[in-house]
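To keep things clear, I will list the structure first and then write my remarks on it.
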Amino acid sequence: MLLTRRIEFSASHRCVSGELSEAANHALYGAESNESGHGHNYALEVTLEGEPDPVTGMVVDLKEVKSVLERAVVAPMDHRHLNHEVEPFDRVVPTAENLAVEIYRRLAPEFAAGPARLRSVRLYETEDLWVEYEGR
Ligand code: NI
């Protein structure tokens, strides 16, 4: 069974690649590359996989899930400038794609011991744009 918990956080970023020239960055990322940076209200959906416990009827203790998400994602990322304050985005472009990979990387070990394992993360940068990552 799959269980999904949604949380939101706000962060600012600027999309530029150190591998590209300033002109190439601007041509590729457009306003996302503006020097001042800008914010997004991200929504994160974390999907866990497990079986309902026969006694509790629950796949996982939702209080613990919320606590993990707040500690591993919200606390280090909410109201931060990703490029300047959150590793590894001083050297990795903080696109939604790369942010989803990093969030997955941080969350997977938190759920590795069960009872529910991390299945995927879906990160919405806007209402109409999201990425989904299921690990490798
Ligand atoms: Ni942006």
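Start at 1 and go down the list; that is how both ligands and their atoms are numbered. Along the sequence shown, residues carry numbers from 1.
Angle OE1(E32) to the Ni ion (ligand 1) to NE2(H38), rounded to 10°: 100°.
The Ni ion (ligand 1) does not have E125 among its coordinating residues (no N/O/S atom, backbone or side chain, under 2.8 Å). For a distance bound of 2.8 Å, the N, O or S atoms of H13 include one lying that close to the Ni ion (ligand 1).
Remark: E22 CD is loosely packed, at most 12 non-hydrogen atoms of other residues, nucleotides or ligands lying under 6.0 Å away.
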For D128 and T126: C-alpha separation, side-chain torsions, deciding distance, then whether side chain to side chain donor-acceptor pair (under 3.5 Å) applies.
CA-CA 5 Å; D128 50 8; T126 62; 2.8 Å; yes

Please table the atom pairs, donor to acceptor, closer than 3.5 Å between any side-chain atom in residues 115-124 and protein atoms at least two apart or in another chain.
residue: R117; atom: NE; partner: A112; partner atom: O; Å: 2.9
residue: R117; atom: NH2; partner: A112; partner atom: O; Å: 3.3
residue: R119; atom: NH1; partner: E49; partner atom: OE1; Å: 3.3
residue: R119; atom: NH1; partner: E49; partner atom: OE2; Å: 3.3
residue: R122; atom: NE; partner: E132; partner atom: OE1; Å: 2.9
residue: R122; atom: NH1; partner: Y124; partner atom: OH; Å: 3.2
residue: R122; atom: NH2; partner: E132; partner atom: OE1; Å: 2.8

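If you look at H81 and H13, their ring centroids are not closer than 6.0 Å.
Nearest to the Ni ion (ligand 1), among the N, O or S atoms that H40 has, is NE2.
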